[in-house]
Every structure is written in structure tokens, then in C-alpha cells.
Amino acid sequence: SLSTLMALPNQSDVSDYYRSLVTGQTKLQTNSCCVSAKSTEEKDILAKIHEEVTSKFYGCGSPIPVCIKGATILDLGCGTGRDVFLCSALVGPTGHVIGVDMTDESLEIGRKYIEYHTNAFGLPHPNVDLRKGMIEDLKGAAVEDNTVDVVISNCVVNLTPDKEPVLREVFRVLKPGGELYFSDVYSDRRIPEELRKDKLAWGECLSGALYEQDFQRLMRKVGFRDIREVTRRPITVANDELKERLAPIQFASVTFRAFKIDSLEDAYEDYGQKAEFVGPCDRVGDLFTLDKQNIFKKGYTYPIDGNTADMLTKTRFAAFFKVSARGPHRGLFILPSPVTIRDTLDMGEEQSSPCASCPNRAPGGGIPPCTGRGMCPGGVPPCAGRGMCPGGSAPPCAGRGMCPGGSAPPCAGRGMCPGQKQWLSFLP
């Protein structure tokens, strides 16, 4: 409601808080804005970014997707521009990077070093544009409809009191097949009203965090039909007083990706399709990660659901994959149970038929059977689609449970029993 929004920290409060961080008057109280490690190539680029830009930049993840050479990138809440300049080097001279932020002090720092980074990256001309504006109104920052290949954001959306306009604007500016790839903070329950009014907790990216299920609903409402999780890490609170006020709420920094594709369905349907990563794609070696459940080893063919097929053929990834044509509908696509990356790397043969003799056993072998999308450990309500079990700590049951003995890699759709060689595209 309007009264609720008026009682919450507003854009001016958020801008004042981050102005105090940039000018050194305030220190962060959590690790929500501590950025995770990046690839070797990204670290090499970061080493060339001016120290004033990196030292006064705040984010909660690493929202830089692969395969962006020549792309148009939009960074929401770009701050001093660290991710903007990182993308500048990655997209190269044929790409373009737009940064939008509402804090003059941050933009002033970034603009001061545009020429510096153009020279540092060996670019023939600047490919960066830093604009003042509100991420709820990208038209005000002159970002037109269907003009952006990838929108990124690093711990910014949660700072806005009303998140729906932000996501609607993102959907508007993306080209068909374009991607929203962003890191943000999410909670395991809805934030109580008294905490939502706490300006310190809001500025720390916590009290403005969306309950994760509400985020999924909101994304679907504005047009993103299939939201994929890429990475997740828990957030810790160093300030004891703030920690006590927030308890028992748990927070996590999560990187999601979602595509503007009209043909995506609301379930993972099986059309008998297969995909092979052929590359080459910038910053990708032999393993291409679409999301936590779809990782492709170069040169191997994997069964995929219809939505994944669209994500690989109707986006910038189309040049790097071979995907078979859609066949007759076979019903719901059965997701494989989790395996470790070591299990997967020990397997290297081409696919043979799935293990049909595995009993219906849940993880651990002693819990009631998992049928269809199954029950979570302990018999609690079903895990839907690609979601996590209640509490976020246990991966979903995936249909056909464990192989004989209960201790071997799972048999589930694409999985194989011991002694049979199979690459799985699900990795936890």
C-alpha cells in the first residue's frame, strides 16, 4: 500500500547510505556486499580497474554471464562502475555497456575513469555510458524498448521499496531472447514490517530482501516464465545487535538467470530433445554451466527439457550448441537426482539407456519413495520443479531415487547405475 511504501526507507535514504559508504563515513555490517571470487580472466581484468573504482564498489555476487562478446549490457545500480568496466573489457570494441545509478558521488568516480579504462583495455574507443537515473524508470535514463542483450545487477533490486516496476522495466528493455542475470539477497520468509522500516538493515541489503518464493511469483507476473538458479551462498551478520534484530530470518545471496522467451512453459516438458555444447564461448572451457542443474561437457550429448532447449536456441547461446529438433510430447521431463562433480567427471562414455531396474528409493534409501517430483527427505511436502526442499538445504527428490544398495549415484531419468557410463547434466 501507499502508506506502507511511505513508511519504508526511500531512494533518498538508500542514496544517503551509499553516499556515506563511498565517502568513508560508514562501514558495512554484513558480508552481503562482499563479492565472491571470479574467473581467472575476470581477475586479470579487475587488476586493471582503477583502485578508486574497486575500493568504493559494493555488491553481493558475481553477476557477469559468459558469452557476452559484442553484446549490449545494462548494469542496474552500477555504483562506481566496477562491473561496468569489467563488462567493457569482456564485450570488446563491438559491444556497449550502460550503467544506471542514482548516486552522484558514485557516478562521478566512474565517469572520471572512462578514458583510463578505455586505454587500459586497449579499446579503440570508449564503449561505456554511465547515466543517472532510477532503475524503476529506465525510460528516464533513455533506455529504449528491446535494445539490451543482457541486464545485470549486483545487490540492488532489494534496495527498491517497490520491486515490480524494476522487473517490468527490465523485461521491457530486453531484446527477445535477452537475459536478466543478477545477484541479490533473498530471505527464507517474509520480512516483518518493523524490520522493513529499519534503515540500517535496508542499506545492508537485508530488510528489503524478497522472500524467495514471492520473488519467483513476481518474476512470473512480469513475464519471466522460467527462473534458473546459478549460485547461492549464505549471508552472515557481523553486528551482534543487528543479528539479534534479524533472527531467526536466514538470508542468502543468490545469482539467478531468466530469459525473455515467449515460448517457455510453466513446467519442464519432455520432447525427446538433446543438446551438445560445441563452443567456443568466451570464459568457458570444457564445461558450460547454464544453471545448477544443467552443466554440459563439451562434445557430449545430454537429454534436455523443452525450456532448456529454447534457452539454448533462442538466445545468444545458439551459436555454441547443437540442439535436436522438438519431437512428440512425452510428458513431464524427469529431473535427475543430484550427483557430485567428482562422480560426473569419473564418467565419460557416450550415453546408454537409463537404469530401469533401480527401485524407487529416496535419498538415503530409507525414506518413502519419490514418485514424479517426489517427496523431500523426511516425507515433507513435494519439491516443485527445480526448487529446493523446505529450509533450502536439501536438493529435490527427482523421481526414481537411488540405485541398488542406496549408496551409488542416483538413477533418475538421465542417471545410470554403477558400472554403466553416463554423463549427467545435473550438478549440485
*Where do F288 and I295 land on the side chain to side chain contact (heavy atoms under 4.5 Å, CB included) test, with the steps shown first?*
CA-CA 6 Å; F288 177 96; I295 299 178; over 6 Å; no
Do we see a donor-acceptor contact under 3.5 Å between the side chains of [X] and [Y]?
X	Y	value
D305	Y271	no
S263	D310	yes
S88	N127	yes
N294	D291	yes
N158	K163	no
Y302	E276	no

Look up atom [atom1] in [X] and atom [atom2] in [Y], then write down how far apart they are to the nearest 0.5 Å.
X	Y	atom1	atom2	value
K197	I191	NZ	CD1	14.5 Å
S187	L195	OG	CG	10.5 Å
S207	L200	OG	CG	8.5 Å
D75	C87	CG	SG	7.0 Å
L107	K112	CG	NZ	13.0 Å
I49	Y116	CD1	OH	9.5 Å

Does atom [atom1] ([X]) have a neighbourhood of more than 12 heavy atoms from anything else shown, all under 6.0 Å?
X	atom1	answer
E115	CD	no
K322	NZ	no
K69	NZ	no

Would you call [X] and [Y] a salt bridge, using N to O less than 4.0 angstrom?
X	Y	value
E108	R111	no
R172	D145	yes
R316	D149	no
D226	R228	yes
E265	R225	no

*Please name the residue in the list V143, V166, N154, I98 that meets the side-chain contact (heavy atoms from CB on, under 4.5 Å) test with L76.*
V166
Does the [X] side chain pair with the main chain of [Y], one donor and one acceptor, at a distance under 3.5 Å?
X	Y	answer
D282	I68	yes
S253	R233	no
K292	V230	no
R257	F182	no
T315	L312	no
T80	V53	yes
T313	A309	yes

Side-chain heavy atoms of [X] within contact of [Y], under 4.5 Å:
X	Y	result
L332	Y268	no
V170	L174	yes
L74	I152	no
I227	F215	yes
D184	V254	no
M219	L180	yes
K260	K175	no
I249	P192	yes

_So if I apply the ring pair (Phe, Tyr, Trp, His ring centres under 6.0 Å) rule between Y186 and each of F251, F256, Y211, which one comes out positive?_
F256
*asked:* Would K48 and F121 count as a cation-pi pair here, with the cationic atom under 6.0 angstrom from the ring centre and within 45° of the axis?
replied: no
*Anything under 30° is parallel, anything over 60° is perpendicular, the rest tilted; go ahead and classify F277 against F321.*
tilted
*asked:* Does K139 form a side chain to side chain contact (heavy atoms under 4.5 Å, CB included) with E169? I'd like the steps, not just the answer.
replied: CA-CA 8 Å; K139 283 186 178 178; E169 280 290 85; 4.3 Å; yes
_Tell me the closest heavy-atom pair linking G70 and T94, and the distance in Å._
CA-OG1, 3.3 Å
*Apply side chain to side chain contact (heavy atoms under 4.5 Å, CB included) to the pair E212 and L210, showing each step before the final yes or no.*
CA-CA 6 Å; E212 196 165 333; L210 268 176; over 6 Å; no
*asked:* Would E52 and R82 count as a salt bridge (charged side-chain N to carboxylate O under 4.0 Å, His left out) here? Give the steps.
replied: CA-CA 10 Å; E52 187 176 6; R82 191 210 63 175; over 6 Å; no
*Would D270 and I334 count as a side chain to side chain contact (heavy atoms under 4.5 Å, CB included) if you check the C-alpha gap in whole Å, the side-chain angles of each, and the deciding distance to 0.1 Å?*
CA-CA 8 Å; D270 189 350; I334 303 299; over 6 Å; no
